[in-house]
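All values derive from a computational prediction rather than experimental measurement. Note: hydrogens, waters and symmetry copies are ignored here, and every other heavy atom, side chains too, is used. All chains are named by letter (A, B, ...) in the order of the sequence lines, taking the proteins before the strands, and each is independently numbered beginning at 1.
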Amino acid sequence: MSDKYPFKKIEKKWQKFWEEQGFFKTDLESDLKKFYCLMMFPYPSSALHVGHGRNYILGDAVARYKKMKGFNVLTPMGWDAFGLPAENQAIKRNIPPAEWTFSNIKKIKKQLSTWGICYDWDREVTSCKPEYYKWTQWLFLKLYKHGLAYKKKASVNWCPSCQTVLANEQVVSGRCERCNSEVEQRELEQWFFKVTDYAQRLLDDLKLLDNWPERVKIMQNNWIGKSKGCMIKFPVVDSDNILECFTTRADTLFGATYLVLAPGHSLIDELIFDSPDAEKIKDFVRKVKKEVYQGANIARNFREEIEKKGIFTGKFAVNPVNNEKIPIWVSNYVLSEYGTGAIMAVPAHDQRDFEFAKKYNLPIKIVIKPENKDLGVKDLNSAFEDEGIMINSGDFNGLKSKEGANKVAEFLENKSAGKKKIQYRLKDWLISRQRYWGAPIPIIYCDKCGIVPVPEKDLPVVLPETVEFKPTGESPLKDVKSFIEVKCPKCGGNAKRESDTMDTFVDSSWYFLRYISPNDDDKAFDKDLVNKWLPVDQYIGGVEHAILHLLYARFIVKVLYDMKFVDFKEPFEKLFTQGMVVKDGKKMSKSKGNVVDPADLIERYGADTVRLYTLFIGPPEKDAEWSDKAVEGAWRFLNRVWRLVRQVISDKYQVASKKNQQRDDANTRELKRKTHETIKNVTEDIERDFHFNTAIASIMELVNLTQSSKLKAERKVLKEAIETIVILLSPFVPHISEELWQKLGYKNSILTEKWPVYDKKALEKEEVEIAVQVNGKLRTTLKIPVDLTDKEIKKMVLDNEKIKKYVDDKEIKKFIVIPNKLVNVVV
RNA sequence: GCCGGAGUGGCGGAAUUGGUAGACGCGCACGACUCAAAAUCGUGUCUGCUUUGCAGGUGUGGGUUCGACUCCCACCUCCGGCACCA
């Protein structure tokens, strides 16, 4: 093993060196150009595997690269430390959530340092510490004060046997994951943030995010789900009630032959109270409500469609456009959470309505026909959902769908029977959690004064350290008297604290502001410095956060902007979403038992090898298949570099190269060109979405050429090649690069070295190889001097023996020249 | 079902605006060194064939083009997200 490089010694040495020198401590006041490089902060659940490693290795490489590019780089790290798993561990193993969390943080920090990943640890934030959540609570108060936090009833998953609220992920196929009892829905008063107020701006400002991946923007766009349409009032016959329905296709209103209510619709009871079938209908509603919920889960797992079921309420409504009496039904295919929870059904032009109408024998009326042909009910095997021309629609006949929809809406507006409306799919953000391990919501309930926010001066509302986790109740906080019982800040009377805590997404929607002044006890963040350092220049994280986290962070920043706390509208200038690391075709995860522990690999090959392989595995935005075997390749490469550099600077080599005076000018030129070509490629690959895989491949090519020309090329050029290799490699494999840099005789850390710039002149070639095609088929290649005229090239090509054979005496129809690349002779 | 992404050698993956498909690495084979092995170095490695060369080849079938992994149409498969969004 003596000829292998001693990574163990080297890596420890340089890790210590970087830390002692404080290379990653950032002076925020500096006038250098700033670069805020942010990783999504992790949930400290257990040790990291190579899949997590990919994230941090990528970010570290970016930070080091930017530093060498001359930026003042800020790379902080912290912990998204509140959450469910800590509580589960507490129940299962009787360890306080805090203890479990902090021991994990310690473990992970150590791991990161053995990978050579450097952060400005002076700025570490931990969301479960009172110093941090004090300001999460402050944020809540700000939203409350501005009317953006409010309470309303919402249903939760309830396990009747565990007597507890379940998160969605704890419900498996409609059953509690722990005790397998059937999960119920319960209505609770809960806190919400009004994200819907910001729906339009969250949508509009996506246009500002030029440096976000298109797919993330599309997903956010669909999530917000804007649709333009019309709210239509349907008066109920023999009643004062009016049913409102939202539609995007007002042009089909004449074809509305029935209405459908969601099982959760608030008017159902009122409609049916005098019906002889009232009990039957109520039964149906109860049954279907439960099924809708369970069905959603089952359908998700088995990708099946839910069977549509319905029942007639016995009541009718009036279609405002033609005064027809149409029946009102209740069915499971209408959602109570979207729109008004009631729809007008147009079976001829909506597939779901069509299926339902067929099943229950409801009338189907065609009111839209294709532009170039007629349409009859008999022709209809499925709904005709395309746009077309209005028919059977009174005065509106002949209008095109779009125009018709508009005209119908205007007609209804005039009659006060409807209104144009923009509808969003986005719902308000439910932030209440009936759990212990989260930031307490700073609210007090007083019998006299009602809901009283905790005064800012009394923050933080501290989470009690020791609580009992009884699997009996709601939040364990309810049983902690010293926490719950409190004096009302307004009247001084006896009052009670809110026992719910906040969703962890609240913690993570502003942490990137806290890094700027993590220890400030007077305010959440320093306004001036935050305005100087934000938006984040580069945000890096998993694509699984494409919607929720990123949307909430954008929302909170917009709220802070409106309150004039910050003067930017979007938190993240550039976003990079990483692919997963896959093993045996599956996502790497503990439960699947396919995790690769980086510790073993680091023990065998060192951190640099693991880093290099991780970056080389594939384009970072795509999923990648992990192969332990291929790690060898990275290890061999680093050893080759190690030997190459040491050989070239050794005395033995100096003598050999002097003796061997067979200088080769062509080889020298080639090596020089390759060196500069590599600088160009590597720089461009990094700038182009961090394509480290191809960057590393380029460096490998340069190493291969340097290896073969080490005795032939001029010494100066050889030295340049070697040093370039070491510098270009340094963001990826920092330890070995520092060591070799020192061996090359330099006293400074390679981190302080300038990133090289390629010399255009060195890239120039005298000769190029071009492809010669006849009729688009490659026939030969030719070496020709650069910048020949087309005429000269044509002559050369046609004089070529191989080409002559194909051209023969046929007529040349075309002669296409792509400069310095290819010619195509068309005969 | 809908939305988004992808499909290239035995494997991970290259090919930047349509211009020499398979860079770089893994694996494999052979050779050198060695008593031997490991390590290292060198050579070869898309497939087929009548092997100086020719033909085919980027999920399938069509199309546009002098020229298609790349653009257009239809379809198939896989991965991720969502749940009938009126």
Side-chain angles (χ1 to χ4, degrees), chain A residues 1-4 213-216 218-219 221-223 225 227 229 245-249 252 256 260 292 295-297 299-300 303-306 308 331-335 337-346 349-353 355-356 423-425 543-544 546-547 579-580 582 585-587 612-613 616-619 621-627 629-634 636-637 639-640 643 681 684-685 688 691 693-701 703-704 707-708 769-781 802 813-819 821-827:
Chain A
M1 284 297 270
S2 61
D3 55 342
K4 296 282 175 273
E214 213 48 47
R215 59 175 167 162
V216 173
I218 291 171
M219 281 192 250
N221 185 75
N222 293 346
W223 187 262
S227 51
C245 300
F246 175 76
T247 180
T248 52
R249 292 291 302 271
T252 64
V260 190
V292 164
N297 275 290
R300 193 195 297 210
R303 298 187 176 202
E304 273 170 19
E305 222 174 313
I306 304 163
K308 292 178 178 58
S331 171
N332 60 346
Y333 82 96
V334 174
L335 301 172
E337 312 91 66
Y338 183 75
T340 60
I343 62 152
M344 64 176 216
V346 186
H349 306 291
D350 182 289
Q351 186 58 27
R352 294 156 299 177
D353 299 342
E355 286 164 21
F356 191 77
Q423 185 75 36
Y424 298 92
R425 187 184 160 271
V543 72
E544 66 272 19
I547 297 175
M580 295 182 299
V582 177
K586 284 183 216 102
K587 181 182 171 161
L612 188 74
Y613 173 68
F616 187 59
I617 193 169
E621 74 277 9
K622 295 216 183 103
D623 293 351
E625 172 77 33
W626 183 271
S627 151
K629 198 91 198 229
V631 177
E632 262 316 304
R636 281 204 288 256
F637 171 73
N639 276 296
R640 250 192 331 265
R643 278 195 304 272
N681 288 343
E684 286 175 0
D685 282 345
R688 182 171 56 107
H691 279 194
N693 55 330
T694 47
I696 291 165
S698 297
I699 300 173
M700 285 171 169
E701 286 183 49
V703 169
N704 292 344
Q707 179 72 33
S708 63
E769 196 184 52
I770 60 162
V772 183
Q773 298 180 336
V774 179
N775 286 345
K777 288 212 158 149
L778 181 71
R779 292 307 175 191
T780 188
T781 57
K802 280 183 185 157
K813 283 192 192 152
K814 257 189 194 173
F815 193 87
I816 295 155
V817 180
I818 308 295
K821 278 220 162 131
L822 159 152
V823 299
N824 189 8
V825 189
V826 187
V827 296

Would you sort out whether A:F616 and A:M700 count as a side chain to side chain contact (heavy atoms under 4.5 Å, CB included), showing the intermediate values? CA-CA 11 Å; A:F616 187 59; A:M700 285 171 169; 4.0 Å; yes

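- Nucleotide B:U43 is matched to B:A29 when pairs are restricted to Watson-Crick or G-U wobble geometry with both distances under 3.5 angstrom.
- Nucleotide B:C24 holds its P atom 15 Å from the CD atom of A:Q707, rounded to whole Å.
- Within the structure, a side-chain polar atom (N or O) of A:N693 is placed less than 4.0 Å from OP1 or OP2 of B:A14.
- The nucleotide B:C54 finds its pairing partner in B:G48, both defining distances of the Watson-Crick or G-U wobble pair being shorter than 3.5 Å.
- Distances shown here put a side-chain N or O of A:Y338 below 4.0 Å from the OP1 or OP2 atom of B:A86.
- Within 4.0 Å of A:G633, counting heavy atoms only, lie sugar-phosphate atoms of the nucleic acid but no base atom.
- Rounded to a whole Å, the CZ atom of A:R640 is 13 Å from the C1' atom of B:G42.
- A sub-4.0 Å separation between OP1 or OP2 of B:U17 and a side-chain N or O of A:R688 is absent.
- Residue-level contact check: A:D350 touches neither bases nor backbone, having no heavy atom under 4.0 Å from any strand.
- The CG-C1' distance, from A:L778 to B:G56, rounds to 15 Å in whole Å.
- The partner of B:U77 is B:A6, by the rule that a Watson-Crick or G-U pair needs both atom distances under 3.5 Å.
- When the side-chain nitrogen and oxygen atoms of A:R643 are compared with OP1 and OP2 of B:C41, one or more of them lie within a distance under 4.0 Å.
- Distance CG (A:N681) to P (B:A14): 15 Å, rounded to an integer number of Å.
- Of the candidate nucleotides B:A15, B:G27, B:C24, B:G27 has the atom lying nearest to any side-chain atom of A:R636.
- Regarding A:E625, its CD atom lies at a distance of 15 Å from the C1' atom of B:G25, rounded to whole Å.
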